[in-house]
Trainee: 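Would you mind keeping the following structure in view while I ask a few things?
The model shown is predicted, which means the values in this text are computed figures rather than measured ones.
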Amino acid sequence: MSEQKPTRQLHLTAFMRPVSLHTGSWRYPGSYPDANFNFKHLTHFAQKLEAAKFDAFFMADHLAVLNMPIEALKRSHTVTSFEPFTLLSALSAVTTRIGLAATASTTYDLPYHVARRFASLDHLSNGRAAWNIVTTGNPESSHNFGFDEHMAHGDRYKRAREFYDVVTGLWDSFADDAFTRDVESGEYFDPNKLHRLDHDGDEFKVRGPLNIARPPQGWPVIVQAGQSEPGRQLAAETAEVVFCSPKDIEGAKALFADIKGRVERAGRKREELKILPAAMIIVGDSRQDAQEKRLRLDGLVHYDSSIASLSIALGVDVSGLDTDGPLPKDLPETNASKTSREAVEKLAAKEGLTIRQLAQRYGGYSGLAFLGSPSDIADDMETWLREEACDGFTCVFPFLPQGLEEVTDRLIPELQKRGLFREDYTGSTLREHFGLSRPKNRFFNTE
């Protein structure tokens, strides 16, 4: 790789719910089978990541048990996991610098709830919270919230856009200097620095104000995870970090250019949004050694689980189809994630895979992966950064704790040696880690 000093550094977050996206991870020799639901283990992971100077510990969320046949579901380590806000609040007490990011659904939650939770987490963590905006792709979630059918894809994004406006408006309910706490006069806050939102829109009617002081970061960092057309536009208008899943560098470069271009057309600077593709990282002594680890890991996935995972990615149960035949081109449309389905269909067409072969690919982990020695992986990451395919990565660990510790103890020092990653935090808030400015209060000018 070039000896030229990098002009940019990588941002790295850690995807931690489930602790590994690979279906066989909990069975890997030496792994913690109960890692998803063991606070001692999760504390260790968070503190290792913080010692390695990761930007954030990122928790996705699921509002329903995966819709799998019981023979497949019984093999899944995703059945139970902590609710993100509860866990991140606890982790805020045992960490000091690493960001704490959580998913909250705009489809099955309400703006006032979300505004209060993230404002609270930002205060508890002294400015380390981030909200991952999702519209919830799993149709099964609807049944847990009193709905017979999942909201249509376009309607979910329309609701999400207004949801964002309401939440950020609620965060601005108080001016930063509203709380005088004047013991002599008895005035606790200045009523002239309190704003009632009185939002009345197509989706929500919210009076406000929020009953929590403005968050330390102004607003917690906004993360967005969609790759569909409305998802990209929502990201361009609202997000500061994008979590995405391109399969290769060419697809990532196209996505990077598209979203960054939309950001500029929305009147924002490109630097105001960071794009962090998900990548599973397997560190070995060589590429062959890492590949052998991958093969061993993939071999721990049962076919019952594989075909169920493929069905979820497609949004359609394909377990009853000819497993040695091609994927039908006339599968029925659903309200599940369009991005994941399109990726499966593209892969099947490109490589001519049968349903069985697709299931094997999707049974463990089908996304982007970097395998090799620390030097090999650093070369790959540097190429992605230099060619504007990303601003960094959301790291997926193949198994825990070994996979995480191999990244923190072996890969991170190599990245630091090359000047590709920070050697220490230069700020205390997540916004400072990402180089993001603190939003001005839309209702009060206190500068």
Trainee: Between R128 and L430, what is the shortest heavy-atom contact and its length?
Mentor: O-CD2, 3.8 Å
Trainee: Let's go through Q224 and E237 carefully: what are the C-alpha distance in whole Å and the side-chain angles of both, what is the deciding distance for side chain to side chain contact (heavy atoms under 4.5 Å, CB included) to 0.1 Å, and is it a yes or a no?
Mentor: CA-CA 10 Å; Q224 206 275 331; E237 294 175 9; over 6 Å; no
Trainee: Answer yes or no for R356 and Y303: cation-pi contact, defined as NZ/CZ to six-membered ring centre under 6.0 Å and angle to ring axis within 45°.
Mentor: yes
Trainee: Does atom CD of Q288 have more than 12 heavy-atom neighbours, drawn from other residues, nucleotides or ligands, at distances under 6.0 Å?
Mentor: no
Trainee: How close do F82 and N38 get, counting heavy atoms only, and between which atoms?
Mentor: CE1-N, 3.9 Å
Trainee: In plain terms, say whether E83 and R117 are close enough for a salt bridge, that is, a side-chain N and a carboxylate O under 4.0 Å apart.
Mentor: no
Trainee: Evaluate R438 against T429 for side chain to side chain contact (heavy atoms under 4.5 Å, CB included), listing each step before the verdict.
Mentor: CA-CA 10 Å; R438 188 175 188 271; T429 71; over 6 Å; no
Trainee: What is the distance from atom CD of Q217 to atom CG of L436, rounded to the nearest 0.5 Å?
Mentor: 9.0 Å
Trainee: On the 0 to 90° scale, with breaks at 30° and 60°, tag the F58-F243 ring pair as parallel, tilted or perpendicular.
Mentor: perpendicular
Trainee: Closest approach of I222 and W171, non-hydrogen atoms and distance?
Mentor: CD1-CZ3, 3.9 Å
Trainee: Shortest non-hydrogen contact from R214 to P439?
Mentor: NH2-O, 3.0 Å
Trainee: I'd like to know if R410 and D285 make a salt bridge, using a cut-off of under 4.0 Å between side-chain N and carboxylate O.
Mentor: yes
Trainee: Could you measure the distance from the CZ atom of R156 to the OG1 atom of T106? Nearest 0.5 Å is fine.
Mentor: 9.0 Å
Trainee: State plainly whether the residues R97 and E432 are in salt-bridge range, i.e. N to O under 4.0 Å.
Mentor: no
Trainee: Distance only, no hydrogens: is a donor on one side chain within 3.5 Å (strictly under) of an acceptor on the other, for T103 and R17?
Mentor: no
Trainee: What is the ring orientation for Y32 with H41, classed by angle as parallel under 30°, tilted 30 to 60°, or perpendicular over 60°?
Mentor: parallel
Trainee: To the nearest 0.5 Å, what is the distance between CE on M59 and OG1 on T86?
Mentor: 9.5 Å
Trainee: Between I275 and C244, is there a side-chain heavy-atom distance shorter than 4.5 Å?
Mentor: yes
Trainee: Taking it one step at a time, do C390 and H11 satisfy side chain to side chain contact (heavy atoms under 4.5 Å, CB included)?
Mentor: CA-CA 9 Å; C390 70; H11 291 285; over 6 Å; no
Trainee: Quick one: do E387 and K253 make a salt bridge, cutoff under 4.0 Å?
Mentor: yes
Trainee: How long is the gap from CE on M151 to OG1 on T135, to the nearest 0.5 Å?
Mentor: 9.5 Å
Trainee: Calculate, to the nearest 0.5 Å, the distance between atoms CZ and OG1 belonging to F54 and T408 respectively.
Mentor: 7.5 Å
Trainee: Determine whether S105 and D61 make a side-chain contact, defined as any pair of heavy atoms from C-beta on separated by less than 4.5 Å.
Mentor: no
Trainee: Step by step, would you call F399 with H22 a side chain to side chain contact (heavy atoms under 4.5 Å, CB included)?
Mentor: CA-CA 8 Å; F399 32 74; H22 197 289; over 6 Å; no
Trainee: For R418, is there an ion pair with E414 - N to carboxylate O distance below 4.0 angstrom?
Mentor: yes
Trainee: Check D165 with R161, please: is the shortest side-chain N to carboxylate O separation under 4.0 Å?
Mentor: yes
Trainee: Counting only N and O atoms by type, is there a donor-acceptor contact under 3.5 Å from the side chain of D248 to the main-chain atoms of G251?
Mentor: yes
Trainee: Tell me the closest heavy-atom pair linking A102 and P84, and the distance in Å.
Mentor: CB-CB, 3.9 Å
Trainee: Take the angle between the ring planes of Y425 and H433 and call it parallel below 30°, perpendicular above 60°, tilted in between.
Mentor: parallel
Trainee: Under the rule for salt bridge (charged side-chain N to carboxylate O under 4.0 Å, His left out), what residues qualify as partners of D122, not counting sequence neighbours?
Mentor: none
Trainee: Whether D391 and R270 form a salt bridge (side-chain N of Lys/Arg under 4.0 Å from carboxylate O of Asp/Glu) is what I want to check.
Mentor: no
Trainee: Could you pull out all residues at least two apart from Q9 that satisfy side-chain contact (heavy atoms from CB on, under 4.5 Å)?
Mentor: R422
Trainee: Is a donor from one side chain sitting under 3.5 angstrom from an acceptor on the other, for E406 and Q402?
Mentor: no
Trainee: Does a side chain donor of either T13 or T394 reach within less than 3.5 Å of an acceptor in the other side chain?
Mentor: yes
Trainee: For the pair N144 (side chain) and L63 (backbone), establish whether a donor and an acceptor sit closer than 3.5 Å, ignoring hydrogens and angles.
Mentor: yes
Trainee: How many angstroms lie between atom CD of Q233 and atom CD1 of I259, to the nearest 0.5 angstrom?
Mentor: 10.0 Å
Trainee: Considering residues at least two apart in sequence or located in another chain, which fulfil the salt bridge (charged side-chain N to carboxylate O under 4.0 Å, His left out) criterion with E423?
Mentor: none
Trainee: Just so I know, are the side chains of L400 and S25 near enough to count as touching, which here means a heavy-atom distance under 4.5 Å?
Mentor: no
Trainee: State, with a plain yes or no, whether a side-chain heavy atom of F57 is found less than 4.5 Å away from one of L88.
Mentor: yes
Trainee: Relative to each other, are the rings of F145 and Y108 parallel, tilted or perpendicular (30° and 60° limits)?
Mentor: parallel
Trainee: Decide yes or no for R75 and D304: does some side-chain heavy atom of the first lie under 4.5 Å from some side-chain heavy atom of the second?
Mentor: yes
Trainee: Side chains of S375 and S373: any donor to acceptor distance under 3.5 Å?
Mentor: no
Trainee: Is it true that the side chains of E140 and H62 contain a donor and an acceptor less than 3.5 Å apart?
Mentor: no
Trainee: Do the side chains of K346 and E342 get close enough for a salt bridge, i.e. N-O under 4.0 angstrom?
Mentor: no
Trainee: Might you work through the ring pair (Phe, Tyr, Trp, His ring centres under 6.0 Å) test for F370 and F393, ending with a clear yes or no?
Mentor: CA-CA 11 Å; F370 293 133; F393 296 96; 5.2 Å; yes
Trainee: Can a side-chain donor-acceptor contact be found between T136 and S141 if the only test is distance below 3.5 angstrom?
Mentor: no
Trainee: Looking at F256, is its backbone amide N or carbonyl O close enough to the side chain of E388 to form a donor-acceptor pair, meaning the two atoms are under 3.5 Å apart?
Mentor: no
Trainee: Can you find a pair of side-chain heavy atoms, one from L415 and one from L12, that are under 4.5 Å apart?
Mentor: yes
Trainee: May I ask you to check whether F397 and F15 place their ring centers less than 6.0 Å from one another?
Mentor: no
Trainee: Taking everything shown except R116 itself, do over 12 heavy atoms lie less than 6.0 Å from its CZ?
Mentor: no
Trainee: Are any non-hydrogen side-chain atoms of E271 and R8 less than 4.5 angstrom apart?
Mentor: no
Trainee: So which heavy atom on L371 is nearest to which on R294, and how close?
Mentor: CD2-CB, 3.7 Å
